[in-house]
Q: 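Below you'll find the structure I mean.
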Amino acid sequence: MPSTLAILGGPPLRTRPFPTWPVFDVRERAQLTSQSWGGYPSPNRKAAEFAAAFAAYQGARFAIPTTSGTSALEVALKALGIGAGDEVIVPAITFAATPYAAVACMARPVFADVSAANGCIDPESVKRLITRRTKAIIPVHYGASLADLDALAEISRAHSIPIVEDCAHVPGAQFRDRGVGTHGAFGCFSFQSSKPMTAGEGGMITTNDPELEQRCQSLINCGRRRPGDDFEGPLMGANYRMTEWQCGILLAQLARLPEQIKQKSRAAARLREGLGAIKGLTPVARDPRVTREVVYAFVFLVDESALGMSRNRFVRALRAEGIPCGVANDPVYRSALFPRQSGAYRKAVELAGANPDTATIDCPVAERLFEHEIVSIPHECLLGDDRDVDDIIGAAAKVASRVAELAPAKLEKSR
């Protein structure tokens with residue numbers, strides 16, 4: 001192993017590229033032959049075919065393709081009748097789409113802290129935040145971890161509050177042999193460019209409730225009703241239909257997904273073992289209740305005291321060695337993509353009876369994880385062979401073994 005770190009001028013441990021994403025071949029191309037391109041009539045032929053295939057794979061009764069994971073969340077909340085003055089509990093660590101969905105309904109997103117072990121929503125924090133206005137809980141399955149659906153189900157039953165699972169990271173995952181997206185009222189999935197299944201954009205809603213399925217179908221199709229739909233009241237919908245091209249591509253992606261899931265899970269096990277042997281690094285463990293693991297981001301935690309350097313310095317050095325990695329999502333209430341000074345957010349808070357200038361957000365675990373601990377590696381890095389995994393481990397070991405020279409070094413500011 002070279003004696004000098006790449007960030008200090010030495011050669012990087014790895015120079016060859018990792019596998020690229022997305023993966024595609026003639027199967028995707030073969031799907032792009034339909035002369036019906038759009039989503040109307042809804043569901044169109046490929047949309048119906050993809051919905052049936054995805055529902056079967058997740059073990060859901062119904063699936064509704066949408067334009068994005070964001071619109072899936074918004075439609076799910078609107079199908080539940082959530083609106084002005086209501087509150088929706090969301091985790092502090094997530095993408096802006098999760099709290100945005102509440103605001104799109106004119107409801108207030110309330111930010112729960114996360115588990116120190118895996119960054120998923122903390123059920124104890126959820127309990128403390130429930131009020132008479134709470135109308136939904138959105139747990140986010142994060143990275144390769146699933147939220148504690150057992151504990152959340154107890155809370156849901158005790159308070160009659162529906163759960164909407166944000167499954168954007170983990171299509172295909174199972175908790176206690178049941179597909180994610182089937183443990184609450186709804187599951188919402190994303191097929192955006194970086195996700196484990198992708199058509200560039202797109203989303204999916206899963207549910208086992210026939211009336212909620214009807215309401216979602218209406219909400220994504222400009223408020224139209226299909227023959228036989230009998231839900232109560234008119235709905236004001238929008239065009240959130242997925243195109244036939246996207247549905248075709250996702251049929252091919254779904255056919256490829258099971259083998260990719262197995263490959264990445266095997267690689268994740270090897271990576272956990274290797275990184276876990278390095279002082280100061282703790283890979284997020286696989287929950288034994290997760291019976292099918294899907295990796296979107298491989299997450300491990302840095303103990304800055306044990307490692308002897310800051311997490312940020314470690315990440316910069318690891319990148320210099322040729323390993324793609326990042327620090328995951330910032331607490332979403334701090335994100336530039338979720339501006340709390342926006343009129344929409346402020347109005348949603350006011351309608352729920354709170355003052356947006358004085359309402360407190362208390363998520364110390366999320367703050368600590370983002371500032372000092374979390375490191376994530378994108379899932380495509382696990383789609384190669386053992387040499388790829390071993391290079392990640394080797395690079396991490398190389399950086400960790402040279403704390404004495406790296407910790408005091410003066411580094412150029414990162415761009």
Side-chain angles (χ1 to χ4, degrees), residues 43 47 50-51 54-55 57-82 88-91 93-105 107 109 120-121 135-143 145-147 149 152-153 156 161-175 178-199 201-209 212-221 237-238 240-242 246-247 250 254 257 294 296 329 332 338:
F50 175 48
F54 190 83
Y57 190 59
Q58 290 302 130
R61 187 174 177 185
F62 304 105
I64 304 101
T66 68
T67 52
S68 66
T70 306
S71 62
L73 287 164
E74 177 185 336
V75 168
L77 293 183
K78 287 181 176 178
L80 290 171
I82 291 170
V88 178
I89 297 177
V90 304
I93 293 184
T94 185
F95 184 62
T98 313
Y100 164 80
V103 174
C105 299
C120 293
I121 197 166
K135 296 299 188 291
I137 302 165
I138 306 182
V140 175
H141 304 309
Y142 192 81
S145 297
L146 303 186
L149 291 169
L152 292 168
S156 174
I161 299 171
I163 290 172
V164 177
E165 295 175 71
D166 185 332
C167 311
H169 289 188
V170 290
Q174 290 183 341
F175 183 89
R178 281 178 55 195
V180 296
T182 69
H183 294 261
F186 287 114
C188 297
F189 298 79
S190 171
F191 306 123
Q192 176 266 350
S193 296
S194 66
K195 297 303 191 295
M197 282 178 60
T198 181
E201 299 290 352
M204 185 70 86
I205 305 167
T206 54
T207 186
N208 291 324
D209 187 304
L212 291 179
E213 186 268 346
Q214 290 182 16
R215 295 175 70 84
C216 288
Q217 291 284 6
S218 178
L219 285 163
I220 70 159
N221 192 27
Y240 286 156
R241 303 184 300 259
M242 189 185 288
Q246 289 171 293
C247 290
L250 287 163
L254 181 59
L257 183 66
V294 173
Y296 172 63
N329 292 88
V332 68
F338 189 79

Q: Can you tell me how far apart SG (C188) and CG (D166) are? Round to the nearest 0.5 Å.
A: 7.0 Å
Q: I'd like to know if the side chain of E165 pairs up with that of H183 as donor and acceptor (distance under 3.5 Å, no hydrogens or angles considered).
A: no
Q: Can Y142 and V170 be said to form a side-chain contact (heavy atoms from CB on, under 4.5 Å), step by step?
A: CA-CA 8 Å; Y142 192 81; V170 290; over 6 Å; no
Q: Looking at L73 and A97, what are the two nearest heavy atoms and their distance?
A: CD1-O, 3.9 Å
Q: Looking only at non-hydrogen atoms, find the nearest pair between A199 and Q246 and report the distance.
A: CB-O, 3.8 Å
Q: On a heavy-atom basis, which atom in M204 and which in A63 lie closest, and how many Å separate them?
A: SD-CB, 3.7 Å
Q: Rounded to the nearest 0.5 Å, how far does SG of C247 lie from CG of L254?
A: 11.5 Å
Q: What is the minimum heavy-atom distance between C120 and V140, and which atoms define it?
A: SG-O, 3.7 Å
Q: Using atom types as modelled and distance alone, determine if a side-chain donor or acceptor of S71 lies under 3.5 Å from a backbone N or O of S68.
A: yes
Q: For the backbone of G143 and the side chain of H169, can you confirm whether one donor and one acceptor N or O come within less than 3.5 Å of each other?
A: yes
Q: Show your working on side-chain contact (heavy atoms from CB on, under 4.5 Å) between V88 and V164 and close with a plain yes or no.
A: CA-CA 10 Å; V88 178; V164 177; over 6 Å; no
Q: How long is the gap from CG on L80 to CD1 on I161, to the nearest 0.5 Å?
A: 12.0 Å
Q: Look up atom CG in L212 and atom CD1 in I205, then write down how far apart they are to the nearest 0.5 Å.
A: 10.0 Å
Q: Just by distance, do the side chain of Q58 and the backbone of V180 share a donor-acceptor pair under 3.5 Å?
A: yes
Q: Just by distance, with hydrogens left out, do Y240 and N221 show a side-chain donor and acceptor under 3.5 Å apart?
A: no
Q: Say you draw a straight line from CD1 of I64 to CE of M242; how long is it, rounded to the nearest 0.5 Å?
A: 11.5 Å
Q: Hey, are the side chains of F189 and T206 touching, using non-hydrogen atoms and a 4.5 Å cut-off?
A: yes
Q: Can you tell me how far OG1 of T67 sits from CZ of R241, rounded to the nearest 0.5 angstrom?
A: 10.5 Å
Q: Looking only at heavy atoms, which two atoms of A47 and P65 are closest? And how far apart?
A: O-CG, 3.8 Å
Q: Determine whether a donor-acceptor pair (N or O, by modelled atom type, separation under 3.5 Å) exists between the side chain of T182 and the backbone of A60.
A: no
Q: Between G59 and N208, what is the shortest heavy-atom contact and its length?
A: O-OD1, 4.4 Å
Q: Taking the side chain as everything from C-beta on, heavy atoms only, tell me whether F191 gets closer than 4.5 Å to F54.
A: yes
Q: Under 3.5 Å, is there a donor-acceptor pair between the side chain of H141 and the main chain of C167?
A: no
